There are 2 protein chains.
Amino acid sequence: MRSASDLTARARIRDAALARFGTDGIAGTSVRAVAADAGVSPALVVHHFGSKEGLRQACDDYVLDSIRSGGEASVEALDEILQAATPVRRYLARALLDDTPAAGALFAEIVERTEAWLATGEEEGWVRASADARARAVTYVSWLLAPLVLGDQVGRLLGGDPAETATAVRGARAGLEMLTHGLFADDRWLKAFTDINERTRP
Amino acid sequence: MRSASDLTARARIRDAALARFGTDGIAGTSVRAVAADAGVSPALVVHHFGSKEGLRQACDDYVLDSIRSGGEASVEALDEILQAATPVRRYLARALLDDTPAAGALFAEIVERTEAWLATGEEEGWVRASADARARAVTYVSWLLAPLVLGDQVGRLLGGDPAETATAVRGARAGLEMLTHGLFADDRWLKAFTDINERTRP
DNA sequence: ACAAGAACTGAACATGTGTTTAGTGTTTTG
DNA sequence: CAAAACACTAAACACATGTTCAGTTCTTGT
């Protein structure tokens, strides 16, 4: 791990922005604050990135690339993402909520890959059949991302530091359990839900 | 449904703030914008709520109360929340991410109720046993909340309007399927995950 | 060694921000 | 009905914001 001082100023600014944007939100972060964190003048920020918006896009590119290069969309990927540097996690959560074009594209991409991956599993017999493969993929991905977006809340209730991997692992294991054996022992809720919908929309 | 004009100015300001805060974030929303949406002067906003922070707290209270009064934390509650007015949904998502004290309390409360509900189910035999009841409850709740927080992303990929209930229902059904029958047909992933963890932390 | 260019800064500018103040109508109340 | 309380506004204030500009220091290729 490299210390802050032996990074180029440009990288230092980007990292500072990533962290600030992640914690305080993009609108809640001033160029001056980023500059101060990086130990440079506000003018240098705009010199390197053109504008605050340019800085945000640079963060987008950096985060998305580092996730994309992370490998296949699979259960292992879950583990990787959860263990990724927390500033990146926080930033990604903000980007997804703020509905950045880049974040939207990433989400769509992950869903696409996941749907294909689940289809393979279905063929090979280790994934159950589904009535709506698309909806399942979307829901599954949003479940993967949920503890990431709700990191603070989940972490607090699962003890200790949300940044601590042990905490994330605990949640991930519980999730895998549900996905493997199911949560409900019979289909009473599924039936009830289907019934309600059929009654509402005949 | 009541039109905007026959609400008191105070309520109109609160509603406008709810919507603005939800879409643009709290830091990204100016008192002037809220005032303009509500058709009042900026000074009236602070007259009624003391400050921008006071306005945010009023939104917190309003949203949380309307959710709390919604009934039991159960699968039916999922449906209710998903069908709730979208401005409220968006605001709640922001509040959870911004880690408002009130939002954190709500999350903890929902988890508490859910854990108790799952424990009842375990006793009555319609919920499977779990190695870590707490972690399961937390994960389950974050899964319920996931499509709410990631509403824009999920909605776009599931077709049409994210506000449309049909879209949300489609995702909810897919989720219930996974929770009932499980997603994976065998425990290869669960085993793999457990193995990795045991190897990492002996 | 020198010139060209990049990295970098301090001060300033224009604008948007949350909030205050003084004041005007409009209810409510004794 | 007068007075007190309330709803409400226009104008202004102090400050924070994103960005620009002129200038300085540092690096680098020749």
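This one's a predicted model, so the numbers in the text were calculated from it and none came from an experiment. Every heavy atom of this structure was used, including side-chain atoms; hydrogens, water molecules and symmetry mates were not. The sequence lines fix the lettering, A, B, ..., with proteins before strands; numbering per chain opens at 1.
Ionic pairing of D152(B) and R156(B) is not present here: no N-O contact between side-chain nitrogen and carboxylate oxygen is shorter than 4.0 angstrom.
The interatomic distance linking I13(A) (CD1) with dT19(D) (P) rounds to 14 Å, in whole Å. L55(A) places its CG atom 12 Å from the C1' atom of dG18(D), with the value rounded to the nearest Å. The CZ atom of F49(A) sits 15 Å away from the P atom of dG18(D) (whole-angstrom rounding).
Screening V138(A), L145(A), T139(A) against V141(A) for a side chain to side chain contact (heavy atoms under 4.5 Å, CB included) leaves a single residue, L145(A).
Side chain to side chain, D15(A) and Y62(A) fail the donor-acceptor criterion of an N or O pair below 3.5 Å. Of the N and O atoms on the side chains of T23(B) and R90(B), not one donor lies less than 3.5 Å from an acceptor on the other residue.
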### Task
Spell out protein contact along nucleotides 5-12 of chain C as letters: B when the base is contacted, S when just the sugar-phosphate is, - when no protein heavy atom is under 4.0 Å; keep the 5' to 3' order.
--BBBB-B
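Using the six-membered ring where Trp is involved, W143(A) and W143(B) have ring planes that are parallel, under 30° apart on the 30 and 60° scheme.
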